[in-house]
Every structure is written in structure tokens, then in C-alpha cells.
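By convention here, the first residue in the shown sequence is residue 1.
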Amino acid sequence: MRVVVIGRGGREHAIAWACEEHGHTVSLADDLGELTADDVDLVIPGPEAALVDGVADECSFRKIPCFGPTSKQARIESSKGFSRHLADSLGVPGPVYERFEELDADGAIDWLRGFGKPVVVKLDGLAAGKGVIVPADDDETEAAIRSTAKLGPFVLEERISGPECSLLALCDGNSAVALPLAQDHKRIGEGDTGPNTGGMGAYAPAPVAFDATELLATFVQPILDYYASSGTPYVGVLYAGLMLTADGPRLIEYNCRFGDPETQAVLPLLETDLAELALACTRHDVSSVPVGVRDAVACTVVAAAPGYPASPSTGAAITLTGFSTTDWANRSSDDPNAILFPAGVSDGRTAGGRVLAVTGLGTDLAAARAAAYRAMDGVSFPNMIVRRDIGWRAPGAMLTSYASTGVDIDEGNRAVEQMKGAVERTLGSDVLRGVGSFGGVLSAKRILERADPVLVASTDGVGTKVELAARLGKVRNIGHDIVNHCIDDVLVQSARPFFFLDYIAASKLDADLVADVVTGMAEACEASGCVLLGGETAEMPGVYAAGAFDVAGTLVGIAERSELLPRDDVSPGDVLIGVASSGPHTNGFSFLRKLFDWVPMNVTPPGFDQELGDALLAPHRSYLGVLDGALESGKVKALAHITGGGLPENLPRVLPDAVDAEIRLGSWPKGPLFELIGELATGVDDHELHRMLNMGIGMVVVCDPADADAVQASIDEPTWQIGALVRSQPGSRTVHLI
């Protein structure tokens, strides 16, 4: 088959490559020129501008089969206002929007103030994927409106949130088939920071919880039915950019052509002959060509010129290793799983903002990423821009439980139950709390400063948070973590810290590292009036990995027996007051390290006031001073320290038999870190997520509802009533997230 692909960018090279893989003769062209039906069997337009200008209409006039919509149908991309109106009229789910004419900034700002929600500002017309501004605050929103209004008509859309995916549908006018779902990376910077671009990378298939057939029915078929009923069947690609919100998939935009760079990721997965599929669509019979997709994953990484997207610098020489410089769209000679697709290239030099892309193939996304980045290491030109985190959101979507990271909470609980009997047989009458509580409690009447004193002891560790701290070279906070964790574990039984003992082990001891950690411990002890009594260090080569270390500690506190918590009067109707955490504290890091495995720790994601690594390493806070007033009031019935196991596993420790807890999700502000975690971990349900992490609540106070206001007033920081205790069946101490 003789195929002409209109356009010369990365998308068009990928289309041409896919056709050539099946033996077709392919040429790239800027326009139709003098082509006739005798010269070509199929035309596949690439850029939206060519379709808007009427290349498909001209093909129809010349009786050349063309896989692309008419110029009138291309309005679905060339006018966002038209697209939104059409989708809304057909019942396609999307955000609230309003269209404004050029220079009508004042009208848009008036509408925005009445709307009262964050918005996205979009230029109504074509902008090569860059006419979108996502402002951070009111001032940025007004500035974005005023700058965009000078460029032409524009649209304000309700800002919705969630992971995105790209649905590319091959349409024959009546029905459509879907290519593998892809996920694009629009922003220039790692961690999805900086201005929007045409796309810095993509991967497919995207790990989303929606079937492509279901998405076709919701977002594509209504458009096809509309045009078919109008007597102008839509033939070509209909691209639906979707956002997977908490309320379900929502339309971000329609495009009338293959996406870029999604095409470079999707087409290498297509086993079926693309040209045959496209030709069948022009004959209104796409079902006649079965669609086959490889059991593989593709990851595409874009190399952009310096200054992109605002004002890219071009003309630099490109050096390639492992790829042909004569046949630019080609597989690597070093790795057949890596394919290069040129975009802004002319005579071996940079000639556009996005210069080229490399697609890696693999059995999973990790292998595909590795292939893409290995091959990209063989590409160079001065000041080349490459995002090193393509696919970074995927681990969160692929994780379904803590067990999927190698940590099994249920197995840990089973171990506690198995050992509990043996431990209890060793306990004498002086032991008041044993295994399963936050800390062991031993009568200590010899401490005469109190009427009836008891010692409360806690031993714990910091867990895999130490790996992240060691990797980033920021270990001082680990000392705070271990001390404050133990302080909070004895505080929930009303004890004040007395002394602390530490233990540090490593494959090879580093004196500077040990000094830094112990200094952090000393700072935390000093702040809490606790003595750092001593410790132990151990060098254990062959047990710990090179560069790894571990920290543990034991804290002993003193409490008055009559003031021990939880009290015996914890009962249904009691109120649960949440006190904020300072971050993940010391739990859930096996999950978090995998969740953020592919994004650099030195990026500052949108909405953050610090780097991601610093947010994750924020020290476990001590609630000693925070809760002094509440404890002294005598109105606190129980405290629950929200550590490993989260709210579902820790609250039951303070509940009497036949009493459950109901927690109202959304009753406290989670903060930007936990908001991002929830956005990324799309495969994890609410119960599992709150079981792995504290999700913004580090301590829960249980009190009588009549005392709730007074308890909150005694705590000198914002707190929230997050739920209540309810009566349940005998044997039940369950937390319900509602």
C-alpha cells in the first residue's frame, strides 16, 4: 500500500514507522501537493492544523481515502468552547466551564468570583498543546486570565483532580476501536512541575481501573452518533484526554488526531497493520480488521531543546550512539527494544522545541523505562532537556496493598496473636499492660514522688524511613523520630518520659552519621525533659546492605496509676478528636518509597512549600507539650497514637469490647503530601490507605461529647472532630471509615 503521512513531527514519524513495519511504502509530506488517487492509496494526516485547514476535505474532493475528519469536524479540537458545548449537550461528563470572547478579562473575573472554585485557563483555539494555564492561587488566576484574554477567545474550566489518561479511538463513522490507554506528561519539569508543554513523555498501557470499551461508550460513541445523525460520519482518530476523578472519569479535552507523544508509545504496541485499520475506517468497516496488541509496555521519553516551551533554541548538532543518522526513525542497534522517533530535526541538527523521542519496550514499565533511558543516554546536544521521571505516577496506580510492597500487616498481627499467650505466661501481678498495648506497664511504688507510680516502657524502631534518610544524606531527623515515637507511645497511657536508650546498627559504622543521629536524639530528649541515658552501636557486615543502617530505642516513662489511660468509662457516643501529624512519621515508608520511586526527591510538587524529600522526612512529632493541657483537665478518656496500621489498627487498642469507631473521611485537612499520595495511589482503597499511613492524623483523643469543646480549646493548635464511638456486637472493636 502507498501511504502518505502529512506532517514531519515525532507523531508522524511514528505513524510512518508503524506502516513501514508492515511493508507499506510511506512518504512524509507537508501537504497534498499534486497528489491524485493514482499516486496514493491512503493519506493519514498528523497535525491538527492540517485537519483544521481542510486536508481531509481536499482528499475527499480528489477521491483519495483519508483517515482524518473534515475541517468542520476538526472544530472539536480547534475550539475548546465548541468542544465543551458539544460534549455537554451530549451528556459527556466533564467540568463546569464558561467561554469568553477575546479581551473579556473583566467578564471572566466576575464569573470566576461568582463561581468560587479554582479553575484552569485555556485558550479557545489551537496552541500546540501549550495553551493551558493551571494557576496556583487567586493572583495567578487573574494574571492568567488577563494574559490569555489578549490572545483570543478563551475558556475557564473548573479545576478537577486525579490521574490522567489518553484514549485514542480509531473511528469509522459508526463505531470505534481503542488503542492501549496512555498517560502523557505535559509539564516541563520533573514531578509535574513548571509550564505545560506539548508533552515530555508518555507510557502505555496506563494502569487505570477503567476498561477502554467502557470509556469508548462514554466519551467517543456519543460524538460518533452525533456526527452520523448529522449525515457527516466522523472518520479518523478521536482523542479523548480524560481525568480519573474521585467521581469517575471526566473529559479534559478532545483532539481530532493522534496524540503526541502518546502515538510514539502506543503504536509500537500495535500488532495489527495500522494502514489496514485506517483504510478500513475510511470504508466504514473497522470491525473487519481484528485489533491485536502486544503483551508489553512502552515508555517514551522526549528530548527537548533549551528554552522549550517558551522560546526554544535550535540549530545545535545532534550526536547519536546506537541509532542510524541516515534513517532517523529506527531501532537501536544496541537494543532492539529501543526506537528513536525524530521530531524537530533537520540535517542532523535541532529544528524545533521537541527534538526527538526514544521509546523503550519491555515486559513491564520498569523494563520499558530502563530501555528508553539507556537509549536516551546515547543522544546528546547542548543543554538537552529530558525528564528523568516519565512514568513516576504509575507505581502508585499499580500498588494495591501494603503487602504488594513486601510488608504484610495481617501477617504481623498473626505473629502477635501467636506470641501473645507465651508472653502473658511470663507476666506477674505487677504488670498492668502487656503485649498488644502501646507499651508495657510495671508497678513502681518505690518512686516515692508519686502516690502510686508505675513505669511505662516502649521499644520501637524507625523502619525503612532510614533508607530514604541515608540516601538523601539527611539523618538528623531520624534521631527525633525514634525518641518522639516512643514518647508518644507512653504518653497515650498518661506517662511522662524518664529515660531513653538507643541502638544503632550498620554494615559499616560511620562516625559522622552516628553522631548526627545521636545529636537528633539528644535534641528530642532535651525538648521533652528526658535523659539520654546511653546506647549501643553495632557493626554487622553481611547483615545490612552497604550504606544501610537501622535505629531502635527504648523509653521508660512514669505515670500515676489512677491516671492511666485508657479509662474504664470509654463508651459509645464518645467523640474522637484528631490532632495533626507532621507527615508520615515513621510508618508506611516501604509503600512510600515505591510510590515515589521514579520522581527525584529534590522537586517541589505543586502546592508544596518544601522539597518532596524533606516533606517525607519531616520528624515524627512529640505530642507531650501539645496535650499537656488536655491531660491536666481530666477530660481525656483515652489517647491513640496513630502509627503502623493507621487509624483502623490503632484505635481498637483503646476500645472496650462491643464498641466500634466511625471515622468521617474528609473531616480533617490532609495537607499537600497526603493529597498527592491519595492522587497517586489510585489502586489502593481508602481502608488500605488509612491502614498503611496516618493520612494527617497522628494522635486521637477520646472524650465525652460534652467535654469536646473544652478539650479542643485546651490544645493550642487546630484539631478536628473526626468521628465517634458506636455500639457494636460482642467481640468487635472495629474502625469504620465512612
Side-chain angles (χ1 to χ4, degrees), residues 117-118 161-162 245-247 484-485 488 491-492 570 573-588 591-592 605-610 615-616 618-623 625-627 629-630 635-655 660-681 684-705 707-726 734-738:
K117 297 179 182 179
S161 62
T245 74
D247 298 321
N484 290 342
H485 187 128
D488 293 338
L491 181 64
V492 298
V570 174
D574 285 346
V575 171
L576 303 176
I577 297 171
V579 188
S581 68
S582 53
H585 286 179
T586 55
N587 297 99
F591 177 83
L592 294 172
F608 281 51
D609 59 3
Q610 60 185 326
L616 291 169
H620 194 132
R621 70 182 303 204
S622 167
Y623 293 92
V626 177
L627 295 177
K635 300 181 186 298
V636 175
K637 291 187 175 184
L639 294 174
H641 184 198
I642 309 306
T643 59
L647 288 162
E649 297 288 340
N650 286 288
L651 265 176
R653 301 190 192 200
V654 301
L655 300 182
D660 286 358
E662 290 185 346
I663 300 292
R664 297 188 300 275
L665 296 181
S667 58
W668 69 90
K670 291 182 288 188
L673 176 59
F674 290 110
E675 291 286 357
L676 180 58
I677 291 168
E679 178 184 333
L680 296 178
V684 182
D685 63 33
D686 281 333
H687 185 272
E688 182 73 1
L689 194 60
H690 286 76
R691 193 168 170 245
M692 291 187 291
L693 301 165
N694 64 57
M695 295 306 290
I697 296 294
M699 187 70 77
V700 174
V701 181
V702 183
C703 67
D704 190 278
D707 296 330
D709 290 343
V711 169
Q712 288 187 272
S714 70
I715 301 173
D716 191 22
E717 66 180 61
T719 58
W720 308 274
Q721 294 189 25
I722 64 172
L725 302 186
V726 296
T734 303
V735 173
H736 306 278
L737 304 178
I738 58 176

Describe, in one word, how the ring planes of His620 and His485 are oriented to each other, choosing from parallel (under 30°), tilted (30 to 60°) and perpendicular (over 60°). tilted
Taking every heavy atom of Gly644 against every heavy atom of Asn650, the minimum-distance pair comes out as O-ND2, 3.3 Å
Where the side chain of Arg664 meets the backbone of Ala724, is there a donor-acceptor pair that is under 3.5 Å apart? no
His690: side chain to side chain donor-acceptor pair (under 3.5 Å) partners, not counting sequence neighbours: none
Does the Asp685 side chain pair with the main chain of Glu688, one donor and one acceptor, at a distance under 3.5 Å? yes
What I'd like to find out is whether the side chain of Tyr623 reaches to under 4.5 Å of the side chain of Val492, using heavy atoms alone. no
Of all heavy-atom pairs between Gly645 and Pro648, which one has the smallest distance, and what is that distance? O-CD, 3.6 Å
Trp668 side chain to Met695 backbone, donor-acceptor under 3.5 Å: yes
With respect to Cys703, which candidate in Ile577, Asp574, Val570 satisfies the side chain to side chain contact (heavy atoms under 4.5 Å, CB included) definition? Ile577
Working for side-chain contact (heavy atoms from CB on, under 4.5 Å), residues Val700 and Val654: CA-CA 10 Å; Val700 174; Val654 301; over 6 Å; no
Looking at every heavy atom in both Leu647 and Pro652, which two are closest together, and how far apart are they? O-CD, 3.9 Å
Report yes if some heavy atom in the side chain of Leu665 is under 4.5 Å from a heavy atom in the side chain of Ile738; otherwise report no. no
From OG (Ser714) to CG (Asp707), nearest 0.5 Å: 10.0 Å
Where do Ala618 and Ser582 come nearest, in terms of heavy atoms and distance? CB-O, 3.4 Å
Please, which pairs that meet salt bridge (charged side-chain N to carboxylate O under 4.0 Å, His left out) have at least one residue in residues 715-724, sequence neighbours excluded? Arg621-Glu717
Do the side chains of Gln712 and Val701 get nearer than 4.5 Å, heavy atoms only? no
Can you see which heavy atom on Leu725 is nearest to which on Ala661, and at what distance? CD2-CB, 3.8 Å
Side-chain donor/acceptor of Thr245 to backbone N/O of Gly162, under 3.5 Å: no
My understanding is that only residues two or more places apart in sequence, or in another chain, count here; which of them pass salt bridge (Lys or Arg N to Asp or Glu O under 4.0 Å) with Asp660? none
Side chains of residues 670-679: which donor-acceptor partners sit under 3.5 Å, not counting sequence neighbours?
unit_1	atom_1	unit_2	atom_2	d
Glu679	OE2	Arg393	NH1	2.7
Glu679	OE2	Arg393	NH2	3.2

Apply side-chain contact (heavy atoms from CB on, under 4.5 Å) to residues Ile663 and Ile697 and explain how you reach the verdict. CA-CA 11 Å; Ile663 300 292; Ile697 296 294; over 6 Å; no
I'd like to know whether Asp704 forms a side-chain contact (heavy atoms from CB on, under 4.5 Å) with Lys635, so could you lay out the CA-CA distance, the side-chain angles of the two residues, the decisive distance to 0.1 Å, and finally the verdict. CA-CA 8 Å; Asp704 190 278; Lys635 300 181 186 298; over 6 Å; no
Looking at residues at least two apart in the chain, or sitting in another chain, which of them share a side chain to side chain donor-acceptor pair (under 3.5 Å) with Asn587? none
Taking all atoms of both residues into account, what is the closest heavy-atom pair of Pro584 and Ala615, and its distance? CD-O, 4.1 Å
Mind checking whether Asp709 and Gln721 have side chains closer than 4.5 Å, heavy atoms only? yes
Applying side chain to side chain donor-acceptor pair (under 3.5 Å), can you list everything that pairs with Thr734, at least two apart in sequence or on another chain? Ser732
Partner of Val579 by side chain to side chain contact (heavy atoms under 4.5 Å, CB included), out of Val626, Ile722, Ile642: Val626
Dump the intermediate steps for side-chain contact (heavy atoms from CB on, under 4.5 Å) on Leu491 and His641, then the final yes or no. CA-CA 9 Å; Leu491 181 64; His641 184 198; over 6 Å; no
Does any part of the side chain of Leu592, heavy atoms only, come nearer than 4.5 Å to the side chain of Leu693, both counted from C-beta? yes
